[in-house]
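A quick write-up on the structure given underneath.
Lettering of chains follows the sequences in order, A, B, ..., and the numbering in each one begins at 1.
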Protein chains: 2
Amino acid sequence: MTTEETARAGTEWHGEEAYDVFARLCPSRELFAELADKWSMLILMSLDACGPQRFSELQRGVGGVSRKMLTQSLRNLERSGLVLRTVFPETPPRVVYDLRPLGRELAELLSPLGHWTERRAQRMLAAREEFDAAHAEGDL
Amino acid sequence: MTTEETARAGTEWHGEEAYDVFARLCPSRELFAELADKWSMLILMSLDACGPQRFSELQRGVGGVSRKMLTQSLRNLERSGLVLRTVFPETPPRVVYDLRPLGRELAELLSPLGHWTERRAQRMLAAREEFDAAHAEGDL
DNA sequence: CCGTATCCTCTGAGATACTG
DNA sequence: CAGTATCTCAGAGGATACGG
């Protein structure tokens, strides 16, 4: 039995044990669930690819995100120490978001994921068609 | 303007252009949204870490997942060509899930994410407390 | 410009019970 | 064992309007 498997023997997490994202009650799972989110990931990737950005820039950059979800996701990321929010008290106000070191670490793991998805999109779409075709037969 | 930024000038995607996860209407975005999901990611990570597994093994491995969500996520992953489902026609039936090459590629990008979360959990939790404390002041 | 507050809709997801 | 089907409900998330 490997270390990995040992750590996962039970998935209840009764404290004392090491952090384990597979364990339902482990704090790291809650964090993981928050980060394993479409909007959060795209925001971090956008900040990684394009550098510091204003709120409205982010909204344009992350296509389809509503102000509500953008605000909400940014707050979570800020709260967990991944993103830095800086307000310039001008009129009209200017607010700039940037990655903090922790966020940059994560973004650098995330960006390859985005690129991989783009690179393999064709292949996955083909697989889908095949799958759908194969399963249409059975349902005639 | 970098290539990256050029590709993201508009986020509408009118076909013809390269795949772009930041574009709301790009097919790669739909794929990304499906993969940027707690359960899908944990399933791929579990298959990566522990090898081929049966349905019930996966359910135990991925703590807290319901049969419904497990089935649903596995179907999606199978449909997109990431996971292979093999049925052994015995009684009782045995069904084994494994990574296909495409899924293994992805899983190898995902697993570091899980480990990163576990490694940095403490730090993120500390940041949260700090944030919450700082914002409790203002709300007195 | 950068949000917050409110309303409203729709689906994500658990619980439960049934099938091959 | 490995699912499918149905019901149910909370909460995700969009639209809109207002505030600093």
Side-chain angles (χ1 to χ4, degrees), chain A residues 11-12 24-25 29-30 32-43 46-47 52-79 83-98 131 134-136 138-139, chain B residues 11-12 24-25 29-30 32-43 46-47 52-79 83-98 131 134-136 138-139:
Chain A
T11 47
E12 288 303 311
R24 187 167 50 112
L25 301 175
R29 158 65 79 86
E30 189 197 331
F32 182 81
E34 212 174 280
L35 300 175
D37 165 71
K38 183 175 50 168
W39 298 132
S40 300
M41 292 175 67
L42 285 172
I43 289 168
S46 179
L47 290 174
Q53 286 167 79
R54 308 177 56 165
F55 185 85
S56 47
E57 287 176 317
L58 272 170
Q59 191 171 13
R60 270 190 302 279
V62 179
V65 70
S66 66
R67 260 176 311 179
K68 181 181 171 180
M69 291 315 295
L70 185 55
T71 303
Q72 204 171 102
S73 304
L74 280 169
R75 280 291 169 285
N76 276 331
L77 295 173
E78 190 195 357
R79 183 163 103 101
V83 160
L84 179 65
R85 176 178 182 268
T86 312
V87 182
F88 296 86
E90 316 166 350
T91 49
R94 189 160 56 99
V95 181
V96 173
Y97 293 91
D98 195 6
F131 183 91
H135 285 250
D139 300 352
Chain B
T11 47
E12 288 302 311
R24 185 167 52 110
L25 301 175
R29 157 66 78 86
E30 189 196 331
F32 182 81
E34 212 173 281
L35 300 175
D37 165 72
K38 184 175 51 169
W39 298 131
S40 300
M41 291 175 68
L42 285 171
I43 289 169
S46 179
L47 290 173
Q53 285 167 78
R54 308 178 55 165
F55 186 86
S56 48
E57 288 176 315
L58 273 170
Q59 191 172 12
R60 271 189 302 279
V62 179
V65 70
S66 66
R67 258 177 312 181
K68 180 183 171 180
M69 290 315 296
L70 185 55
T71 303
Q72 204 171 102
S73 305
L74 281 169
R75 281 289 170 285
N76 276 330
L77 296 173
E78 190 194 357
R79 183 163 104 100
V83 160
L84 180 66
R85 177 178 183 268
T86 311
V87 182
F88 296 86
E90 315 165 351
T91 49
R94 188 161 56 100
V95 180
V96 173
Y97 294 90
D98 195 7
F131 182 92
H135 287 250
D139 300 351

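Under the rule for a side chain to side chain contact (heavy atoms under 4.5 Å, CB included), the partners of Val95(B) that lie at least two apart in sequence or sit in another chain are Arg85(B), Val87(B), Tyr97(B). Judged as a side-chain hydrogen bond (donor to acceptor under 3.5 Å, both in side chains), and not counting sequence neighbours, the contacts of Asp37(B) are Ser40(B). With sequence neighbours excluded, the residues that form a side-chain hydrogen bond (donor to acceptor under 3.5 Å, both in side chains) with Glu30(A) are Arg128(B). Partners of Arg94(A) according to the salt bridge (charged side-chain N to carboxylate O under 4.0 Å, His left out) rule, which considers only residues two or more places apart in sequence or in another chain, are Glu90(A). Under the side chain to side chain contact (heavy atoms under 4.5 Å, CB included) criterion, Thr91(A) pairs with no residue, sequence neighbours left out. For Pro52(A), the side chain to side chain contact (heavy atoms under 4.5 Å, CB included) test picks out Val96(A), Asp98(A), with sequence neighbours left out.
Chain A approaches DNA chain C over the interval dC1(C) to dT4(C), counting the first and last nucleotide 5' to 3' with an atom under 4.0 Å from its heavy atoms.
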A correct 5'-to-3' footprint of nucleotides 6-20 of chain D, with B, S and - meaning base, sugar-phosphate only and no protein heavy atom under 4.0 Å, is -------BB-BB--B
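If you check every strand for non-hydrogen atoms under 4.0 Å, Phe88(A) touches nothing.
Between Leu74(B) and Leu58(B), the closest side-chain pair of non-hydrogen atoms falls below 4.5 Å. At least one side-chain heavy atom of Leu77(A) sits less than 4.5 Å from a side-chain heavy atom of Leu35(A).
Contact annotation: Arg54(B) does not reach the phosphate of dC1(D) (side-chain N/O to OP1 or OP2, under 4.0 Å).
The C1' atoms of five pairs define one axis at each end of the helix from dC1(C)-dG20(D) to dG20(C)-dC1(D), and these two axes lie 50° apart (to 10°).
For residues 61-79 of chain B, the set of pairs meeting the salt bridge (Lys or Arg N to Asp or Glu O under 4.0 Å) definition, not counting sequence neighbours, comprises Asp132(A)-Arg79(B), Arg75(B)-Glu78(B).
Side chain of Glu57(B) to main chain of Arg54(B): a donor-acceptor pair is present (N/O by atom type, distance under 3.5 Å, no hydrogens or angles).
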